[in-house]
Structure formats: C-alpha cells, structure tokens
2 protein chains.
Amino acid sequence: MNVGEVAALAGVTVRTLHHYDRIGLLSPSGRTSTGYRQYSPADLDRLHQVLLYRDLGFPLEEVATLVDDPSADPAEHLRRQHRLLQDRLERTRAMVAAVEKEMEARAMGIDLTPQEKFELFGDWLPEEYEAEAEQRWGDTEAWAQSQRRTRAYTKDDWVRVKGEGEDVETRFAAALRAGVPADSEPAMDLAEEHRQQISRNFYDCTLEIHAGLGRMYVEDERFTAHYERIAPGLAQYVSDAIRANAARRER
Amino acid sequence: MNVGEVAALAGVTVRTLHHYDRIGLLSPSGRTSTGYRQYSPADLDRLHQVLLYRDLGFPLEEVATLVDDPSADPAEHLRRQHRLLQDRLERTRAMVAAVEKEMEARAMGIDLTPQEKFELFGDWLPEEYEAEAEQRWGDTEAWAQSQRRTRAYTKDDWVRVKGEGEDVETRFAAALRAGVPADSEPAMDLAEEHRQQISRNFYDCTLEIHAGLGRMYVEDERFTAHYERIAPGLAQYVSDAIRANAARRER
DNA sequence: CTTGACCCTGACGCGACGTCAGGCTGTGCA
DNA sequence: TGCACAGCCTGACGTCGCGTCAGGGTCAAG
C-alpha cells in the first residue's frame with residue numbers, strides 16, 4: 001500500500017506519515033523504484049500501535065520507546081493499552097463526578113469558591129501524569145493499589161494526607177539543620193515513619209520499595225527540587241536516612 | 001492572588017498564565033502599581049472553565065469563544081461540559097471494547113488484519129470530531145439521537161450504512177451528468193430517499209433539518225469537497241434538490 | 001500522449017507553550 | 001537598614017507535531 005491508502009485507512013494525513021518516516025517512528029518497509037513509500041501489513045500494525053499510544057497522550061519520542069520495547073510482545077501491548085485506557089476512563093469519570101457535584105452545589109444554592117472547584121477537579125492529579133506515572137511505576141501492584149485507594153479519598157482526606165507528609169518533611173528538615181546524621185537512630189526513625197505513612201495512605205510500602213523511593217529522591221530532579229526547596233541538602237539527607245533504615249531493618 | 005499562587009492552585013505553569021494573558025484568553029482583572037498580575041476569584045473561575053475546555057481538546061481560540069459565549073450562563077456551561085465529558089467517556093469505552101475484542105481474538109488464535117483493527121478502532125469517528133461535532137450540532141436532539149443509535153452499530157452496520165450512502169450519491173451524480181434538473185421529480189425523489197436514509201440510520205431527519213444539511217453541503221468546504229470529488233457541481237446539485245424536495249413536501 | 005490524480009522532497013508556518021536572559025520587587029532576618 | 005533570595009516582569013528564541021505551499025516527477029485511464 002502507498003501513503004494515500006494508508007492515510008485514508010488509518011484516518012491520518014499523508015503529511016503525518018511523512019513526518020513519522022522522517023523521525024524514524026514508522027518507516028515503510030519498502031520503496032518502489034521510483035521512490036514511492038510501500039507499507040506492509042506489519043507497518044500497518046505498527047501504525048496502529050503508534051496512533052493508539054499517541055491518542056493516549058504520549059509524545060512521539062515515548063511512543064517510539066513503547067512500540068520498540070523489546071520486552072513487550074503483542075499481548076503485553078494490549079494489556080498496557082487496556083490499563084492506560086482504564087485509567088483514562090477513571091479520570092474522565094472523576095471529572096464527570098466533579099461537574100455533577102458542581103451542578104448539585106449550584107442546585108442547592110451553594111456557591112463553591114474557585115479553590116474548591118480546582119480541588120474538586122483534582123489538579124493534584126493532572127492529566128499529564130497519565131503517561132508519566134505509567135512510565136514511572138509501570139504495572140506495579142503498588143501503583144494499582146495506590147490508584148484504588150486514593151480514588152475514594154475525599155477532599156478532607158487529601159488535606160490530611162498532605163498535612164501528614166509535610167509534618168514528616170519539616171521534621172526531617174529540622175534534623176538536618178540540627179546536624180543529626182542521616183544514619184542515626186532518630187533520622188532512621190523518621191524514615192520509618194515516612195514509610196508507614198505511605199503504607200497507610202497509599203500502598204504497602206515495603207522496605208525494598210521504600211529504598212527505591214529514596215534513590216528516586218536524589219535521581220529524579222523533580223523530587224530533588226521538591227526537597228531542596230524545603231531545605232538545601234534535604235533530598236540527599238532523606239535518601240540516606242531511608243537507606244540506613246532499610247539496612248537496619250533488613251537484618 | 002499573583003501568578004505563582006494561581007499557577008500552583010490550578011496546576012499550570014506561570015508561563016501558561018502569561019501566555020493566556022498575552023493572547024487575551026485570560027487577563028488578570030488587576031495589576032499592582034509595580035506591574036504584578038493580580039487575579040480575582042472571578043478570574044480563577046474563568047481559568048477553571050478555560051482549563052476544562054482545553055482538556056477536552058478545544059484549541060484556545062475556540063475555548064475563548066466558548067467561555068465568552070454570551071448565551072451561556074454557568075448552568076449552561078456545566079451542562080455542556082457534562083455532555084462533552086460523557087461523549088469522551090463513551091469514546092474511551094469504545095476504545096476499551098476494541099482492545100478487549102483484540103485480546104479475545106488473540107486468545108482464540110484469530111489474527112485480525114491491520115484493516116480490521118483500524119475498523120474496530122473506528123477511525124471513521126476520530127477523536128478530533130469531539131470538539132467539531134459539538135460546535136456543528138450543539139445540543140440538538142438529532143445529534144444525541146445519532147450518538148445513541150450509532151453507538152450500537154457493528155462493523156457490518158457501518159459497511160451497510162456507508163454503502164447506502166454511496167449508492168444515493170452515485171445516483172445523484174448520474175442524474176447530474178444526465179442533465180436532470182435539480183428541481184425535477186427524479187432529483188427530488190433522490191433527495192427524499194437521502195432524507196429517509198438518514199432517518200433510518202442516524203436520527204429523525206425532518207424536512208427542516210434536511211434543508212439545513214443541504215445548505216451546509218454548499219457552505220462547508222469539507223462537505224463541498226466530499227461531493228465535488230464525486231462529480232463537479234454535485235454539492236450544489238444535491239443542495240438544490242434537497243431544497244426543492246423540502247419545498248414540495250411542505251405544501 | 002495527454003491529463004489529472006498521486007507521490008516525492010524541501011522549506012516555512014503555527015499553536016501552545018518551555019526556557020533562558022536581563023532586570024525589577026518584596027520580604028525575612030542579621 | 002541592608003542584603004540575600006525568592007518571585008515577578010518583559011522580550012525573545014526553541015520545541016513538538018504536524019499543516020501548507022512550492023516545484024517537480026509518476027501512474028493509469030482514456
């Protein structure tokens with residue numbers, strides 16, 4: 001098949017296919033002697049995958065890594081797509097629910113403040129995280145559990161959870177400023193408290209998972225930035241305390 | 001509130017707010033003496049609307065017309081948002097169903113051709129139409145009915161529907177080429193058949209609605225292009241035949 | 001052998017921001 | 001009272017995913 005036919009079949013423009021060819025996302029498996037692009041059924045399959053992941057909001061570069069993932073057979077792709085679509089379904093349902101709540105509030109004469117509206121809508125769970133969270137957490141049970149639990153959270157729950165988190169963070173910062181070593185008892189205890197908190201509020205945070213989180217705090221600049229804003233050196237400090245705590249508990 | 005706070009609350013970047021200010025989509029209602037942007041609660045409400053419509057896939061220019069729509073009070077906005085979200089829910093559900101069908105097919109050892117996969121996924125109902133269809137058809141009963149009915153269509157149904165449509169179109173083209181006047185009996189009969197077909201397959205197409213469609217065929221370049229590709233002058237011809245048919249039947 | 005639909009490769013344009021750069025403002029604390 | 005540092009300002013250029021010409025070759029039907 002040549003470009004025009006493929007474009008019509010897939011519902012994209014010829015230019016899009018040219019683009020995918022140029023950036024190496026989807027190069028037709030053949031060319032005619034006169035330079036016409038020739039797409040094979042396998043190419044069409046790949047295009048199908050590409051368009052699906054694209055529609056799910058992934059930038060093309062990530063789409064490439066997803067469809068090229070050597071550890072993913074067709075069945076794995078289907079499972080992943082299914083999961084992503086389910087997530088999207090959930091988020092859309094949540095948005096519908098938010099709009100309905102607003103309608104209800106209006107019907108009852110209650111006037112929500114803009115803040116409440118934003119909170120209802122959950123900008124703390126923005127759409128962009130769809131792709132991101134998937135990549136970060138993948139298909140882990142922890143993520144699924146967290147999704148299930150937080151789904152039921154009310155606004156007050158979130159306020160409480162956030163408060164608890166900030167509490168531990170400020171106490172970490174105080175310890176750091178006081179010169180308490182990261183591998184000392186009190187620092188390790190704080191780390192343990194941090195772990196328990198996550199387990200209570202999100203998912204069973206094992207020592208192993210917690211250690212992973214600790215590493216992430218220094219490796220992922222967004223998390224690092226979060227801690228550094230509270231106190232310089234805090235990301236590394238928390239990370240070290242978590243590692244020390246994991247080492248102590250593992251024995 | 002100044003930009004940073006608003007950005008944090010709404011989950012967007014400061015740059016985004018600057019952008020919205022520059023393009024006039026959301027200009028803060030005030031500035032401090034030193035030029036700092038000051039956002040009022042009303043501004044936040046507007047931002048909330050903007051972000052919602054943006055998330056629904058509207059380009060910012062259209063978002064502006066939507067939020068500025070003088071005929072839309074808050075309740076109307078909520079209803080519209082609710083509708084759009086429901087549509088999105090439906091489409092996502094359809095995609096989930098498609099993936100599940102693929103999984104089933106695989107489980108049963110059936111290998112779908114790429115064509116079948118694309119058809120399952122319905123590129124004939126692409127995501128982009130979400131915003132477009134809304135604007136075109138708005139909240140009309142016809143559109144709602146069409147949505148409800150076509151939702152249950154199988155692949156075979158679509159093939160049949162498409163075939164019927166093409167049948168009438170080619171007969172229109174033949175009449176045009178044969179020099180049959182657009183306001184003659186046979187042409188009007190074709191128009192009437194066209195109307196019945198829509199009524200059967202999509203929604204109760206009244207004479208009035210049909211007349212509106214006829215106008216659209218010559219006014220909207222995309223529809224015009226569709227007919228012109230079949231035969232030059234066909235858009236105008238079909239439009240005229242529809243108008244003649246409506247005039248005849250109205251008496 | 002022409003005509004019109006289809007294909008090719010640049011190359012520029014655009015929407016919705018991201019990302020500096022260079023400079024002013026506001027505030028906690030020494 | 002001064003200063004450090006976070007936060008705000010306005011350009012201005014960069015990026016992503018294509019849309020849209022421009023200029024030119026190709027293919028099939030009549």
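The sequence lines fix the lettering, A, B, ..., with proteins before strands; numbering per chain opens at 1.
- Dashed line: the shortest gap from a side-chain N or O of T16(B) to OP1 or OP2 of dG18(C) is under 4.0 Å.
- One interatomic measurement links the two molecules: CD of Q38(A) to C1' of dC8(C), which rounds to 13 Å at whole-angstrom precision.
- Here the P atom of nucleotide dC8(D) and the CG atom of L17(B) are 10 Å apart, to the nearest Å.
- Within the model, atoms CG of L9(B) and CG of L44(B) stand 6.5 Å from one another, a figure rounded to the nearest 0.5 Å.
- For R31(A), a side-chain nitrogen or oxygen approaches OP1 or OP2 of dT9(C) to under 4.0 Å.
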Run the side-chain hydrogen bond (donor to acceptor under 3.5 Å, both in side chains) test on R46(B) and Y20(B) for me, step by step, so that the C-alpha distance in whole Å, both residues' side-chain angles and the decisive distance to 0.1 Å come before the verdict.
CA-CA 11 Å; R46(B) 186 181 169 95; Y20(B) 292 172; over 6 Å; no
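- Counting only heavy atoms from C-beta outward, the side chains of M95(A) and L52(B) approach each other to under 4.5 Å.
- The neighbour count for Q38(A) CD, taken as heavy atoms of other residues, nucleotides or ligands under 6.0 Å away, is above 12.
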Under 3.5 Å, N/O pairs linking protein and nucleotides 14-17 of chain D:
| from | atom 1 | to | atom 2 | distance (Å) |
| --- | --- | --- | --- | --- |
| dG17(D) | OP1 | L60(A) | N | 2.7 |

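- Taking atom CG on L25(B) and atom C1' on dG15(C), their separation rounds to 13 Å, with Å as the unit.
- Across the protein-nucleic acid pair, R22(B) atom CZ and dT10(D) atom P stand 8 Å apart, rounded to whole Å.
- Salt bridge D69(B)/R80(B): present, at least one basic N to carboxylate O contact under 4.0 Å.
- The residues D55(B) and R88(B) are annotated as not salt-bridged, no charged nitrogen and carboxylate oxygen being separated by less than 4.0 angstrom.
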Nucleotide by nucleotide, nucleotides 21-30 of chain C touches protein heavy atoms under 4.0 Å in the pattern (B base, S sugar-phosphate only, - none) ----BS----
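- Within the structure, every side-chain polar atom (N or O) of R37(B) is placed at least 4.0 Å from both OP1 and OP2 of dC8(D).
- Put simply, CZ on R93(B) and CD on Q86(B) are 7.5 Å apart, with the number rounded to the nearest 0.5 Å.
- Look at CG on N2(A): it is 12 Å from C1' on dA5(C), rounded to the nearest Å.
- Side-chain contact between Y53(B) and H77(B): present, with at least one pair of heavy atoms (C-beta onward) separated by less than 4.5 Å.
- For H18(A), a side-chain nitrogen or oxygen approaches OP1 or OP2 of dC8(C) to under 4.0 Å.
- The shortest distance between side-chain heavy atoms of L47(B) and Y39(B) does not fall below 4.5 Å.
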